[in-house]
2 protein chains.
Amino acid sequence: MPSTNPSDPHASPDRKASLGGALRRRILTMHLAPGAVIDETELAEEFGLSRPPVREAMRQLAGEGYIELEPNRPARVTPLGYRSLRDFFLFAPVVYVASTRLAAERRTDAEVAELKEIQHRFRAAIRDGDVDGRVFENDRFHLKIGEMAHNAYVLPSLRRCLIDHARIAKVFYEDQLAARHPKMAEERDEAAAQHDEIIAAIEARDPDRAEALVRAHLDLSRRNMAMYAAPEGMAIRFDN
Amino acid sequence: MPSTNPSDPHASPDRKASLGGALRRRILTMHLAPGAVIDETELAEEFGLSRPPVREAMRQLAGEGYIELEPNRPARVTPLGYRSLRDFFLFAPVVYVASTRLAAERRTDAEVAELKEIQHRFRAAIRDGDVDGRVFENDRFHLKIGEMAHNAYVLPSLRRCLIDHARIAKVFYEDQLAARHPKMAEERDEAAAQHDEIIAAIEARDPDRAEALVRAHLDLSRRNMAMYAAPEGMAIRFDN
DNA sequence: GGACTACCAGCTGTCTACAATAGATAGGAC
DNA sequence: GTCCTATCTATTGTAGACAGCTGGTAGTCC
């Protein structure tokens with residue numbers, strides 16, 4: 001019985017919260033691939049729980065959009081289809097702009113400080129070549145801005161977008177060919193620089209500038225994704 | 001044991017779906033007031049279920065924003081504070097406009113037909129003075145438009161807004177003093193007429209007109225809410 | 001008389017065991 | 001040989017019982 005083992009890292013007092021956090025992270029970083037089936041029994045054993053609390057956690061994750069449930073069928077990680085990309089770039093700007101504008105108007109000093117800490121960890125992950133950490137801290141960064149908006153409706157909307165933001169980004173980052181592309185390093189640095197500018201605009205309580213910056217930030221992602229999904233043809237001549 | 005009673009209306013094959021639907025409806029129509037505690041045991045008995053499936057349903061509802069959960073504390077219906085009104089009218093236009101524009105671009109004929117059916121039931125509820133039915137069908141109407149947008153991110157965002165749209169409207173409609181106000185009947189008819197115009201714009205695949213209409217629709221609600229929350233002073237003279 | 005403490009009731013959280021359903025596999029019929 | 005069908009297994013869904021926490025109450029001490 002794994003739960004009786006004191007060295008088990010998951011035998012902590014709140015194993016359920018641990019389960020939820022772990023599942024979210026695995027889905028965001030694509031360690032659980034879109035469409036992958038999730039076995040209740042397996043998770044229960046891994047976290048030293050019985051199935052009912054695991055099932056509760058699954059329901060919650062389903063409500064948040066991480067997984068999808070069908071009756072009498074195993075739970076599956078929310079798929080990420082070709083349509084997701086289009087859907088995302090249609091709706092995400094709306095949510096991100098609303099979130100960032102409100103954050104610029106309503107932020108507290110303590111929140112700005114916390115945002116800077118997240119950005120610090122984000123830059124550290126880039127420096128260390130830690131792709132998962134980079135995806136995760138980027139998620140935390142935008143989520144924190146959503147919290148700073150202090151609006152009960154913005155935050156859940158943003159959360160749903162961020163799930164697929166992270167997963168779309170991960171697809172791009174982990175592609176080895178794309179990773180070697182010189183534009184890749186450029187994009188990485190520019191994204192980090194944009195984060196700094198967004199922080200500055202929010203700190204200065206300047207919604208207009210914050211909006212312009214976050215639009216540019218999303219546009220950078222969008223252009224990279226387009227380049228990745230529909231690259232230029234290879235420079236090969238068939239004339240030898 | 002209520003579940004063994006064949007005449008029990010809740011002993012249907014899918015009691016859990018029934019539970020979720022009933023709870024959502026009760027919360028939308030304010031039969032479960034904001035902040036009200038929800039007793040698991042009570043619900044389990046009412047729907048002829050044991051507590052685990054009830055708890056699962058609660059988690060799902062929490063994820064969707066209907067209720068709030070805290071550890072070792074009873075579940076509570078999501079509160080509806082003075083800030084909710086402001087938050088709602090700040091963010092709802094953004095979501096409704098996105099939803100309606102996309103619906104106008106992507107709708108199918110079958111969906112338009114279904115939307116007209118919902119509108120038919122909405123008008124019937126108004127005619128019959130059925131306040132709960134009016135609130136519920138209005139919710140269904142806007143939700144259907146969200147489905148017609150065929151965008152995985154818009155729909156959950158809209159869902160969260162609609163929960164409080166229904167509840168805010170219910171506060172207004174059920175106020176007896178406001179109900180007697182002559183503006184009330186006017187607003188009722190105008191809202192229904194706007195629904196018809198929105199349907200027409202979506203059917204005509206005209207996103208711009210649909211956007212203008214839905215903005216006007218929200219503005220009508222907003223003005224009424226403002227009037228309700230901050231009415232003009234009473235016309236009483238203290239001179240006798 | 002007021003305040004602190006220990007007990008107690010009720011609820012939430014969890015576990016084990018059982019029932020029901022879906023998919024897979026093997027057997028038989030055409 | 002192919003298709004259909006029936007059984008069988010693995011997984012999901014549910015029930016009932018137990019453990020742990022919270023809040024209230026009553027009793028006692030200062």
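Each chain gets a letter, A, B and so on, in the order the sequences are listed, and its residues count up from 1. Reckoned from all heavy atoms, side chains included, excluding hydrogens, waters and symmetry mates.
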5′-ward residue of the pair B:Pro74/A:Ser50 relative to DNA chain C: B:Pro74

Aromatic contact, A:His217 with A:Phe141 (centres under 6.0 Å): no

CA sep, side-chain torsions, deciding dist, call: A:Glu137, A:His195, side chain to side chain donor-acceptor pair (under 3.5 Å): CA-CA 12 Å; A:Glu137 296 301 337; A:His195 277 202; over 6 Å; no

Polar side-chain contact A:Arg55-D:dG13 base: donor and acceptor under 3.5 Å: no

Rounded distance (Å) that lies between atom P of C:dC11 and atom CD of B:Glu70: 18 Å

Integer-rounded Å distance: D:dT11 P and A:Leu43 CG: 13 Å

Salt bridge (charged side-chain N to carboxylate O under 4.0 Å, His left out) contacts in which one or both residues fall within residues 97-107 of chain A, not counting sequence neighbours: A:Arg101-A:Asp208, A:Arg101-A:Glu211, A:Arg106-B:Asp87, A:Arg107-A:Asp109

Salt-bridge criterion met for A:Glu40 and A:Arg55 (N-O under 4.0 Å): yes

Side-chain donor/acceptor of B:Arg51 to base of D:dG16, under 3.5 Å: no

Residues touching DNA chain D, which here means a heavy atom under 4.0 Å, drawn from residues 56-66 of chain A: none

Phosphate-side-chain proximity, A:Arg73 and C:dG23, N/O vs OP1/OP2 below 4.0 Å: yes

Whole-Å distance separating the CG atom of A:Asn72 from the P atom of C:dA20: 12 Å

Nucleotide of C:dC15, D:dG13, C:dT12 approaching B:Asp39 most closely (side-chain heavy atoms): C:dT12

Spacing of A:Leu19 atom CG relative to C:dT14 atom P, expressed in whole Å: 11 Å

Rounded distance (Å) that lies between atom P of C:dC11 and atom CG of B:Leu69: 17 Å

Row check, A:Phe136 ring normal vs A:Arg25 NZ/CZ: under 6.0 Å, within 45°: yes

Where at least one partner belongs to residues 141-152 of chain B, residue pairs that pass salt bridge (charged side-chain N to carboxylate O under 4.0 Å, His left out), sequence neighbours excluded: B:Glu114-B:Lys144, B:Lys144-B:Glu147

Earlier contact from the 5' end, DNA chain C, for A:Pro71 and B:Thr41: B:Thr41

Presence of A:Arg15 side-chain N/O under 4.0 Å of C:dC15 phosphate oxygens OP1/OP2: yes

For the student: nearest non-hydrogen atoms of B:Phe88 and B:Pro93, plus distance: O-CD, 4.1 Å

Rounded distance in Å - NZ (A:Lys16) to C1' (C:dT14): 9 Å

Among C:dT14, C:dG13, D:dT12, the one nearest B:Glu40 by side-chain distance: C:dG13

Sugar-phosphate, base or nothing in reach of A:Pro53, heavy atoms under 4.0 Å: sugar-phosphate

